[in-house]
Amino acid sequence: MKFIIGIGGVTNGGKTTLTNRLLKTLPNCCVVHQDDFFKKPDQIQVGEDGFRQWDVINALDMEAMVNTVKGWQENPVKFARSHGVSLSPEVEESDSEQRGIHILIIEGFLIYNYKPLIDVYDKCFYISIPYEECKRRRRTRTYTVPDPPGLFDGHVWPMYLKHRKEMDNNCSRIEYLDGTTTKEDIYNAVYESVQNSLLNNL
Ligand SMILES: Nc1ncnc2c1ncn2[C@@H]1O[C@H](COP(=O)(O)OP(=O)(O)O)[C@@H](O)[C@H]1O
Ligand SMILES: O=C(O)c1ccc[n+]([C@@H]2O[C@H](COP(=O)([O-])O)[C@@H](O)[C@H]2O)c1
């Protein structure tokens, strides 16, 4: 069985933290990080506001991201091996590539704002945190391209609000998580919800 989990959420909401924990506990679990598909800085347009427009879907090579997801869908065993993910004995010892549960986590801040991806998820999660907490966490973070002064209020947060509205209209299956509760509580809620869905799908 193949099963795809979406972990979306606002920047610094805790997506990577949650994903890394799930990767350690879910069987045969691979990941696709949306951040790995950012285009190069010289390909990112400068907007009328004077900022490079990083927080829009065009800043990402979404075609390449979808192709990576398709690669997993076509052969999750091959994908796991080529990404150094260890497989359960049930899968390793079987002659059939189809045996066992294969899980893919798709993690990122705009994973529910791109039409070709919306229908791939078996489970959709979204982590939110309030403005002040988001701004505080973002200040402690260094991206490959550091934030210029004013980027958060001038671009990041307004784009988040816009995409959030778009996403709420696009996808009705999302389970919302409060990113200000503890890492442990968030992980437990998601793990339990995934387990229930896996049992129902068997
Ligand atoms: N539940 C939480 N409570 C407090 N801090 C958190 C929580 N989850 C993540 N963080 C912290 O917030 C920051 C951003 O987390 P990260 O998982 O990298 O976010 P994202 O991948 O959504 O951008 C990190 O410093 C992380 O330790
Ligand atoms: O990873 C990069 O190359 C990169 C370069 C410039 C900006 N980013 C920021 O990455 C943010 C999304 O990632 P995340 O992990 O904070 O959800 C988004 O708000 C962008 O402004 C990321």
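Keep in mind that the numbers below use all heavy atoms, side chains included, and drop hydrogens, waters and symmetry copies. Counting starts at 1 for both ligands and their atoms, following the listed order.
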Worksheet item: Mind checking whether Gly13 has a heavy atom under 4.0 Å from ligand 1?
Response: yes
Worksheet, complete the sentence: A student checking ligand 1 against Lys15 at a 4.0 Å heavy-atom cut-off should list atoms 17 (O), 19 (O), 20 (P), 21 (O), 22 (O), 23 (O)
Worksheet item: Rounded to the nearest 0.5 Å, how far does CG of Asn170 lie from CD1 of Ile118?
Response: 4.0 Å
Worksheet item: Any idea which protein heavy atom is nearest atom 25 (O) of ligand 1, and the distance to it?
Response: Thr140 OG1, 4.9 Å
Worksheet item: Any N or O of Glu133 that comes nearer than 3.5 Å to an N or O of ligand 1?
Response: no
Worksheet item: Which of the atoms of ligand 1 are close to Ile186, meaning less than 4.0 Å from one of its heavy atoms?
Response: 1 (N)
Practice prompt. Please could you name the atoms of ligand 1 that Thr182 approaches to less than 4.0 Å, counting only its heavy atoms?
Written response: 1 (N)
Fill in: Nearest non-hydrogen protein atom, atom 3 (N) of ligand 1
Arg137 NH2, 3.6 Å
Worksheet item: Hey, are Glu132 and Lys135 close enough for a salt bridge, meaning a charged N less than 4.0 Å from a carboxylate O?
Response: no
Discussion item. What protein heavy atom lies closest to atom 19 (O) of ligand 1? Include the residue and the distance to one decimal.
Written reply: Gly14 N, 3.2 Å
Fill in: Protein heavy-atom partner closest to atom 17 (O) of ligand 2 - residue, atom, separation in Å
Lys15 NZ, 2.7 Å
Worksheet item: Going by the atom numbers of ligand 2, which of them fall below 4.0 Å from some non-hydrogen atom of Arg141?
Response: 14 (P), 15 (O), 16 (O)
Discussion item. I'd like to know whether Glu175 forms a side chain to side chain donor-acceptor pair (under 3.5 Å) with Ser193, so could you lay out the CA-CA distance, the side-chain angles of the two residues, the decisive distance to 0.1 Å, and finally the verdict.
Written reply: CA-CA 9 Å; Glu175 293 174 45; Ser193 176; 2.9 Å; yes
Worksheet, complete the sentence: In this structure, NZ of Lys15 is separated from CZ of Phe125 (nearest 0.5 Å) by 15.0 Å
Worksheet item: Can you tell me how far CG of Asp36 sits from OG1 of Thr68, rounded to the nearest 0.5 angstrom?
Response: 9.0 Å
Worksheet item: Hey, does Asn12 come in under 3.5 Å of ligand 1, counting only N/O atoms on both sides?
Response: yes
Worksheet entry | Path from Tyr191 to Ile174 over hydrophobic side-chain contacts below 4.5 Å | no
Worksheet item: Where does Thr180 meet ligand 1, judged by heavy-atom distances below 4.0 Å: at the side chain, the backbone, both, or neither?
Response: neither
Worksheet entry | Distance filter under 4.0 Å to Arg138 heavy atoms, resulting ligand 2 atoms | 9 (C), 11 (C), 18 (C), 19 (O), 20 (C), 21 (O)
Worksheet item: Do the side-chain N and O atoms of Tyr187 and Asn20 include a donor-acceptor pair separated by under 3.5 angstrom?
Response: no
Worksheet item: How close does the nearest protein non-hydrogen atom get to atom 1 (N) of ligand 1, and which residue and atom is it?
Response: Thr181 O, 2.8 Å
Discussion item. Show me which atoms of ligand 2 lie under 4.0 Å from any heavy atom of Asn12.
Written reply: 16 (O)
Worksheet entry | Close N or O approach (Trp54, ligand 2; < 3.5 Å) | no
Fill in: Contact atoms of ligand 2, heavy-atom distance to Thr144 under 4.0 Å
1 (O), 2 (C), 3 (O), 4 (C), 5 (C)
Response to the item:
Restricting to heavy atoms, the pick from Phe38, Trp157, Tyr160, Phe37 nearest atom 22 (C) of ligand 2 would be Phe38
Response to the item:
among protein heavy atoms, the one nearest atom 21 (O) of ligand 1 is Thr16 OG1, 2.5 Å
Practice prompt. Starting from the C-alpha separation in whole Å, work towards a yes-or-no answer on side-chain contact (heavy atoms from CB on, under 4.5 Å) for Met65 and Ile106.
Written response: CA-CA 10 Å; Met65 183 172 172; Ile106 301 179; 3.5 Å; yes
Worksheet entry | Spacing of CZ belonging to Phe38 relative to CD1 belonging to Ile44, to within rounding of 0.5 Å | 7.5 Å
Worksheet item: Is a side-chain donor-acceptor pair under 3.5 Å present for Thr17 with Lys183?
Response: no
Item to complete: Could you tell me whether Glu107 and ligand 2 have an N or O pair separated by under 3.5 Å?
Response: no
Worksheet entry | ligand 1 to Arg141 polar contact by distance, N or O atoms, under 3.5 Å | yes
Worksheet, complete the sentence: Value for CD (Glu192) from OG (Ser197), rounded to nearest 0.5 Å, stands at 11.0 Å
Practice prompt. Verify the neighbour count for atom NZ of Lys39: are there more than 12 heavy atoms of other residues, nucleotides or ligands below 6.0 Å?
Written response: yes
Discussion item. I'd like to check which ligand 2 atoms, numbered from 1 as shown, lie under 4.0 Å from a non-hydrogen atom of Phe109.
Written reply: 12 (C), 17 (O), 18 (C)
Worksheet item: Is there a nitrogen or oxygen of Asp147 sitting under 3.5 Å from a nitrogen or oxygen of ligand 2?
Response: no
Worksheet, complete the sentence: atom 10 (O) of ligand 2: closest protein heavy atom, distance to 0.1 Å, is Tyr143 CE2, 3.4 Å
Worksheet entry | ligand 1 contact by Asp185, heavy-atom criterion under 4.0 angstrom | no
Practice prompt. For atom 19 (O) of ligand 2, state which one of Thr11, Asp55, Thr16 supplies the nearest heavy atom.
Written response: Asp55
Discussion item. Measuring from atom SG of Cys29 to atom CZ of Phe3, what distance do you get when rounded to the nearest 0.5 angstrom?
Written reply: 10.5 Å
Response to the item:
The option among His33, Glu184, Lys183 carrying the non-hydrogen atom nearest to atom 10 (N) of ligand 1 is Lys183
Worksheet item: Linking I/L/V/M/F/W/Y whenever any side-chain heavy atoms sit under 4.5 Å apart, do Ile103 and Val120 land together?
Response: no
Practice prompt. Using the six-membered ring wherever Trp is involved, compare the ring planes of Tyr160 and Tyr126 and label them parallel, tilted or perpendicular (cut-offs 30° and 60°).
Written response: parallel
Worksheet item: For atom 17 (O) of ligand 1, what is the nearest protein heavy atom, given as residue, atom name and distance?
Response: Thr17 OG1, 2.5 Å
Item to complete: Apply side chain to side chain donor-acceptor pair (under 3.5 Å) to Arg141 and Thr11, showing your working.
Response: CA-CA 10 Å; Arg141 182 95 169 257; Thr11 176; 4.9 Å; no
